[in-house]
Amino acid sequence: MLRGSAYKERIARRHPTDLHDCVNLPDSYLLRTCGVNRLVFHQILRILEPIVPQTQRSNGIPFPLKVLVTLSFLASGSHQKSVGKDNINISQKSVSRVIKTVVEGLNMVLNNYIIFPTTSEQREEIKEGFYRKYHFPETIGCLDGTYVEIVCPRDDEEAFYDRKGQYSVYAQIICDADTKIIAICCRFGGSSTSAYIWSKMNIRSFVENISRQGEISWLIADNKYPQRPWLMTPILHAPQGTSDSQYNHFQGRTRTCIDRCISKLKGRWQCLHKRPLHYTPQRAAKIINACAVLHNLCIKAGLPDPEPYIDPEPMPIINEVTDMPDDNVNDLYIGIEVRRQLAERIYYSV
């Protein structure tokens, strides 16, 4: 009898929380532990239900609880063991499997929720958003990146060793005026320069091509990136009171959009900064992508901004190489001229 009761108690302890309770958790709990409210949580369930494999075991982890556990891990940045303990005694191995499954599912829908404006109508809508908020014309996105620390990888570790003396994946991001992510690239390690990663992004050739076809559109970036007709960077050493300094003022104000985007992303999904991700670079990249999808869902739902992330140890400022060997030098001179004309346009329109 004792052996039988102990067995039943063990099974009851292992059996996850009731499906009904998991689906109907209050907003206060979900926002505190998972970074989302019930509306967004249910939306994530609808998105992933056709994709994430369903358990066939009677005592398996219900699908909503899998999503809950994964969101809790991404939002808290805690160890898998403590996340499992907080979610009805799920073992660390089970938590690891659950996170991998749900993150894979979010990566499968990445292109459905991170969408760069491929039509002129979409680009015009984004341009209007930037001009309405920042009075900077013809802008289709802000470009910058952030470092996400990982443990030392087994292979090619020098590619991930950044200037802070840590191992990291560099996530290069483009956002719109509402801080929604419209492009992301996590394929490179922390040792790569921003300009090099930009040169390898598929978006670069697309933006370049529409510019060469005569469309006036550009991205906004800082001086880590090369000045081009399709990429507007600050003007160095601009004298006060000139059109150049006025351009820098509006360009810098517009560029804060990508800073706030990254601050919100890392503020809500603390796994991206609280401690190193104990995963391979490839798995870490998928986690960053998953957080980007969730970030956009939260922005669209109008959730309140999280506590902003502030980098306690900013990357040291050095002069990075912004030009690649295969760059057309004429693009630099044309870009400088386009920027000069833009500076005058802003100066006389203010």
Okay, side chain of [X], backbone of [Y]: is any donor-acceptor separation there less than 3.5 Å?
| X | Y | result |
| --- | --- | --- |
| Asp27 | Arg38 | yes |
| Asn296 | Ile181 | yes |
| Arg187 | Lys200 | yes |
| Arg123 | Thr118 | yes |
| Ser263 | Arg260 | no |
| Arg228 | Gly335 | no |
| Arg339 | Thr233 | yes |
| Lys274 | Ser76 | yes |
| Gln251 | Met232 | yes |
| Asp176 | Gly141 | no |

> If you measure from OG on Ser194 to CG on Asp222, what distance do you get to the nearest 0.5 Å?
Replying inline: 7.0 Å
>> Nearest 0.5 Å, please: how far is CD1 in Ile140 from CG in Leu219?
In response: 5.0 Å
Do [X] and [Y] land in one hydrophobic cluster if side-chain heavy atoms of ILVMFWY residues count as linked below 4.5 Å?
| X | Y | answer |
| --- | --- | --- |
| Trp269 | Val109 | yes |
| Ile114 | Leu48 | yes |
| Ile216 | Phe250 | yes |
| Trp218 | Ile346 | yes |

Within a 6.0 Å radius of atom [atom1] on [X], are there more than 12 heavy atoms belonging to other residues, nucleotides or ligands?
| X | atom1 | value |
| --- | --- | --- |
| Glu337 | CD | yes |
| Lys300 | NZ | no |
| Lys180 | NZ | no |
| Gln240 | CD | no |
| Asp155 | CG | no |
| Ile51 | CD1 | yes |

> Between Tyr134 and Phe130, how do the two ring planes meet: parallel, tilted or perpendicular, split at 30° and 60°?
Replying inline: tilted
>> Classify the ring geometry of His273 against Tyr309: parallel below 30°, tilted from 30° to 60°, perpendicular beyond 60°.
In response: tilted
Decide whether [X] and [Y] meet the rule of one side-chain donor and one side-chain acceptor closer than 3.5 Å.
| X | Y | value |
| --- | --- | --- |
| Arg345 | Gln341 | no |
| Glu149 | Tyr167 | no |
| Arg283 | Thr280 | no |
| Ser217 | Glu215 | yes |
| Thr139 | Lys127 | no |
| Thr193 | Lys224 | no |

>> Using a strict threshold of under 4.0 Å (side-chain N to carboxylate O), is an ion pair present between Lys133 and Asp178?
In response: yes
>> Taking the basic N atoms (NZ, or NE/NH1/NH2) and the acidic carboxylate oxygens, is any pair closer than 4.0 Å for Arg204 and Glu208?
In response: yes
>> Go through it in stages, so that I can follow the logic: the residues are Thr101 and Lys66, the test is side chain to side chain donor-acceptor pair (under 3.5 Å), and I'd like the CA-CA distance, side-chain angles, deciding distance and then a yes or no.
In response: CA-CA 9 Å; Thr101 300; Lys66 291 180 179 180; 5.9 Å; no
>> Could you check, using the six-membered ring where one of them is a Trp, whether Tyr170 and Phe188 have ring centers closer than 6.0 angstrom?
In response: no
>> For a side-chain contact (heavy atoms from CB on, under 4.5 Å) check, start with the C-alpha distance between Leu277 and Cys271, then their side-chain angles and the critical distance, and finish with the verdict.
In response: CA-CA 7 Å; Leu277 287 172; Cys271 68; 4.3 Å; yes
>> Please determine whether side-chain contact (heavy atoms from CB on, under 4.5 Å) holds for the pair Ile235 and Gln227, giving the CA-CA distance in whole Å, both sets of side-chain angles, and the decisive distance to 0.1 Å.
In response: CA-CA 9 Å; Ile235 299 173; Gln227 172 62 35; over 6 Å; no
> Is there a side-chain contact (heavy atoms from CB on, under 4.5 Å) between Ile173 and Asp144 once you walk through the steps?
Replying inline: CA-CA 6 Å; Ile173 294 170; Asp144 205 351; over 6 Å; no
> Can you name the one residue among Leu68, Asn37, Leu39 that meets side-chain contact (heavy atoms from CB on, under 4.5 Å) with Leu30?
Replying inline: Leu68
> Can you tell if the side chain of Tyr279 reaches within under 4.5 Å of the side chain of Val151, non-hydrogen atoms only?
Replying inline: no
